[in-house]
Amino acid sequence: MGKLFVLGAAFLLLLSCNQNKNNDNADGASGSDFDADELPEIFLVNAKAKKILGEWPEFNGLETSFEALYRAKNKEDLGFVIDDLIEKQKLLAASTYPEAFDIPQIKSRQRVFRTYILKVKASLEYRTETASPALEMVEAYNAMRNQFNVIVNNTLDTQLILDE
């Protein structure tokens, strides 16, 4: 009877250890659920906007850090990139904007971008799935870059409309 009890306890112990091993792989803690190849391409800005952005060193630093996102291979790399993006975004928010881009449309899109950066950071810290928040972050970044094109291509003089 004692041998049967010890044998049963050993069997249950082995069975429970096997279940924990399977659960560890299923919850994404292995660090391999991030794939930069699944992210959309970075939206291109036109020549007029690129000329203005080229003179804005804080944005160029953010852009360089953002391009590193596409070289991230796992969650650890993504964590380093996100930490760098947070710092570069803070510098960008505190910087002097170029006159053409010192408007609420750009600043609000930058705040949305910051929100999604922090969402990715939270998913990394809580060890949840990171692909969806990273996709949202790239979409927010692309929206900000698209807004640069919209502003530069807008030839409508709002002062003329307001005067009439």
Side-chain angles (χ1 to χ4, degrees), residues 23-162:
N23 286 343
D24 287 344
N25 291 336
D27 72 355
S30 63
S32 63
D33 80 330
F34 176 74
D35 187 13
D37 296 332
E38 295 177 5
L39 296 175
E41 293 183 21
I42 297 174
F43 191 81
L44 298 176
V45 293
N46 63 23
K48 292 179 193 176
K50 188 174 275 197
K51 182 180 177 185
I52 297 170
L53 291 172
E55 298 170 0
W56 193 8
E58 291 84 5
F59 182 80
N60 292 329
L62 177 75
E63 190 172 31
T64 303
S65 295
F66 193 81
E67 289 170 357
L69 175 70
Y70 287 87
R71 292 187 296 273
K73 300 293 182 199
N74 54 33
K75 283 187 173 182
E76 291 80 21
D77 292 345
L78 180 63
F80 291 130
V81 170
I82 293 298
D83 289 338
D84 190 38
L85 278 174
I86 289 171
E87 292 303 316
K88 298 293 171 108
Q89 190 279 328
K90 286 179 184 177
L91 291 174
L92 181 67
S95 71
T96 303
Y97 288 73
E99 184 179 341
F101 298 142
D102 193 11
I103 56 175
Q105 291 91 329
I106 296 296
K107 292 180 180 184
S108 65
R109 281 170 177 77
Q110 183 185 351
R111 285 189 201 113
V112 170
F113 177 57
R114 181 187 72 209
T115 301
Y116 285 113
I117 292 172
L118 295 174
K119 187 174 179 181
V120 174
K121 174 107 173 135
S123 69
L124 286 168
E125 287 183 11
Y126 291 116
R127 297 178 188 207
T128 60
E129 181 264 332
T130 57
S132 177
L135 177 67
E136 292 171 337
M137 180 184 65
V138 172
E139 288 172 354
Y141 182 72
N142 282 338
M144 183 172 65
R145 290 177 63 95
N146 185 39
Q147 190 64 33
F148 293 137
N149 287 343
V150 170
I151 290 168
V152 170
N153 292 333
N154 185 6
T155 58
L156 185 62
D157 186 13
T158 56
Q159 190 62 34
L160 181 65
I161 293 172
L162 294 174

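Atom set for the values below is all heavy atoms of this structure, side chains included, hydrogens, waters and symmetry mates excluded. Everything quoted here is computed from the prediction, not taken from an experiment.
Aromatic ring pairs are classed by plane angle as parallel below 30°, tilted from 30° to 60° and perpendicular above 60°; the pair Phe59 and Tyr141 is parallel.
At least one side-chain heavy atom of Met144 sits under 4.5 Å from a side-chain heavy atom of Gln110. Between Lys73 and Phe34 the shortest side-chain heavy-atom distance does not fall below 4.5 Å. Between Asp77 and Arg71 the shortest side-chain heavy-atom distance does not fall below 4.5 Å. In this structure the side chain of Phe66 reaches within 4.5 angstrom of the side chain of Phe113, judged on heavy atoms. In this structure, Trp56 and Thr96 have side chains that are not in contact, with every pair of non-hydrogen atoms separated by 4.5 Å or more.
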| request: Applying side-chain contact (heavy atoms from CB on, under 4.5 Å), run through Tyr97 and Lys107 and close with a yes or a no. | output: CA-CA 9 Å; Tyr97 288 73; Lys107 292 180 180 184; 3.8 Å; yes

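Under the salt bridge (charged side-chain N to carboxylate O under 4.0 Å, His left out) rule, Lys119 has a single partner from Glu136, Glu139, Glu129, which is Glu136. Here the rule is side-chain contact (heavy atoms from CB on, under 4.5 Å) with Val120, and of Leu69, Ile82, Val81, Ile86 only Ile82 fits it.
Ser123 and Thr130 make their closest contact through OG-CG2, 3.4 Å (heavy atoms, listed as atom of the first residue, atom of the second, distance). Contact between Ala140 and Val112 at its shortest, heavy atoms only, is CB-CG1, 4.1 Å. The shortest heavy-atom contact between Ile52 and Pro98 is CG2-CB, 3.7 Å. The shortest heavy-atom contact between Ala36 and Tyr70 is CB-O, 3.7 Å. The shortest heavy-atom contact between Glu67 and Ile42 is CG-CD1, 4.1 Å. Counting all heavy atoms, side chain and backbone alike, Ala143 lies closest to Arg109 at O-CD, 3.6 Å.
Here the side chain of Asn46 pairs no donor or acceptor atom with the backbone of Phe148 at under 3.5 angstrom. With hydrogens and angles ignored, the 3.5 Å screen pairs a side-chain donor or acceptor of Asn153 with a backbone N or O of Asn149. A side-chain donor-acceptor contact under 3.5 Å links Thr115 to the backbone of Arg111. The closest donor-acceptor contact from the side chain of Asn60 to the backbone of Gly54 lies under 3.5 Å. Counting only distance, with no hydrogens or angles, the side chain of Asn146 and the backbone of Asn142 share no donor-acceptor pair below 3.5 Å.
Counted within 6.0 Å of CZ on Phe80, heavy atoms from surrounding residues, nucleotides or ligands total 12 or fewer; the atom is thus considered open. Atom NZ of Lys51 has 12 or fewer neighbouring heavy atoms from other residues, nucleotides or ligands inside a 6.0 Å radius.
Ionic pairing of Glu63 and Lys88 is not present here: no N-O contact between side-chain nitrogen and carboxylate oxygen is shorter than 4.0 angstrom. Salt bridge present: Asp83 and Lys121 bring a charged side-chain N and a carboxylate O closer than 4.0 Å.
Atom CZ in Phe101 sits 9.5 Å away from atom CD in Gln147 (nearest 0.5 Å). Atom CD of Gln89 and atom OG of Ser65 lie 11.5 Å apart (nearest 0.5 Å). Rounding to the nearest 0.5 Å gives a distance of 11.0 Å between CG of Leu92 and CG of Leu85.
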